[in-house]
Amino acid sequence: RVGARTLELVLGELVRATALQREKKEASVVSVSIAEHVVATLAQMALRRPANADRIMALDGGSIVIEAMRRFPRAGGLQRQACLAIRNLVARDMDAKHKQPLLDLGAEDAL
């Protein structure tokens, strides 16, 4: 079970890296392999853990997943992990509070 502090630290680093990437507008800052592992980690953290899914969304994890999908559209492994992440973020979200933010981020187009 992932502790809340660990989750926040990991996501904080991911959000900072993504922000740096956006500022520099450099696709090469993150490789396909790293992006796939990041997205897979988020998918696993959200699996059957609604509290983790809430924290991931609160810390901009949804945009990390969608941005990775857009940045590497031909990376089959990454796309698969991203689909799992999106599924895990919404699957146990009984209030459907994550659905619209993910759609607003462009999840439907990315899929």
Side-chain angles (χ1 to χ4, degrees):
R1 185 170 170 160
V2 177
R5 182 68 185 136
T6 302
L7 179 61
E8 288 183 29
L9 288 172
V10 169
L11 280 174
E13 289 303 313
L14 294 175
V15 168
R16 278 191 281 286
T18 303
L20 176 64
Q21 205 170 17
R22 285 180 188 141
E23 286 174 18
K24 293 186 174 187
K25 297 188 185 335
E26 293 179 10
S28 62
V29 173
V30 174
S31 70
V32 173
S33 177
I34 296 295
E36 181 177 340
H37 283 86
V38 166
V39 171
T41 300
L42 294 175
Q44 185 62 35
M45 292 168 106
L47 180 65
R48 297 187 197 105
R49 301 271 189 241
N52 284 356
D54 291 345
R55 293 301 298 150
I56 289 167
M57 290 299 292
L59 293 169
D60 207 26
S63 70
I64 291 171
V65 173
I66 304 304
E67 188 168 325
M69 292 179 82
R70 283 191 189 122
R71 183 156 296 172
F72 303 108
R74 299 198 190 293
L78 181 143
Q79 295 295 320
R80 179 181 182 282
Q81 293 300 326
C83 289
L84 290 171
I86 291 169
R87 177 205 168 274
N88 293 347
L89 289 169
V90 300
R92 294 184 189 264
D93 180 20
M94 297 304 146
D95 299 330
K97 61 188 169 290
H98 302 317
K99 179 183 172 184
Q100 194 58 51
L102 286 168
L103 290 171
D104 292 345
L105 289 167
E108 192 170 15
D109 291 335
L111 293 170

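- Annotation: side chain of Gln44 is not in contact with side chain of Leu84 (no heavy-atom distance under 4.5 Å).
- Glu67 is not listed as a side-chain neighbour of Val39, based on a closest heavy-atom distance of 4.5 Å or more.
- Residues Leu103 and Val90 are members of separate hydrophobic clusters, defined by side-chain heavy-atom contacts under 4.5 angstrom among Ile, Leu, Val, Met, Phe, Trp and Tyr.
- Taking OG of Ser63 as the start and CG of Leu102 as the end, the distance is 9.5 Å to the nearest 0.5 Å.
- Between Ile66 and Ala110, the closest heavy-atom pair is CG2-CB, 4.3 Å.
- In this structure, the side chains of Asp93 and Pro50 stay at 4.5 Å or more apart for every pair of heavy atoms.
- Residues Val32 and Ala75 share a closest heavy-atom pair of CG1-CB, 3.6 Å.
- Taking the side chain as every heavy atom from C-beta outward, Val65 and Ile56 never approach each other to under 4.5 Å.
- Hydrophobic clustering of Ile, Leu, Val, Met, Phe, Trp and Tyr side chains at less than 4.5 Å, counting indirect connections, keeps Leu47 apart from Met45.
- In summary, Arg70 and Asp109 do not engage in a salt bridge, as defined by a charged side-chain N under 4.0 Å from a carboxylate O.
- The environment of Lys99 atom NZ is sparse: at most 12 non-hydrogen atoms of other residues, nucleotides or ligands sit within 6.0 angstrom.
- Closest of all the heavy-atom pairs between Leu42 and Gly61 is CD1-O, 4.0 Å.
- With sequence neighbours left out, the side-chain hydrogen bond (donor to acceptor under 3.5 Å, both in side chains) criterion links Asn88 to no other residue.
- With values rounded to the nearest 0.5 angstrom, Ile86 atom CD1 is found 11.0 Å from Glu108 atom CD.
- In this structure a side-chain-to-backbone donor-acceptor pair under 3.5 Å is present from Gln79 to Met69.
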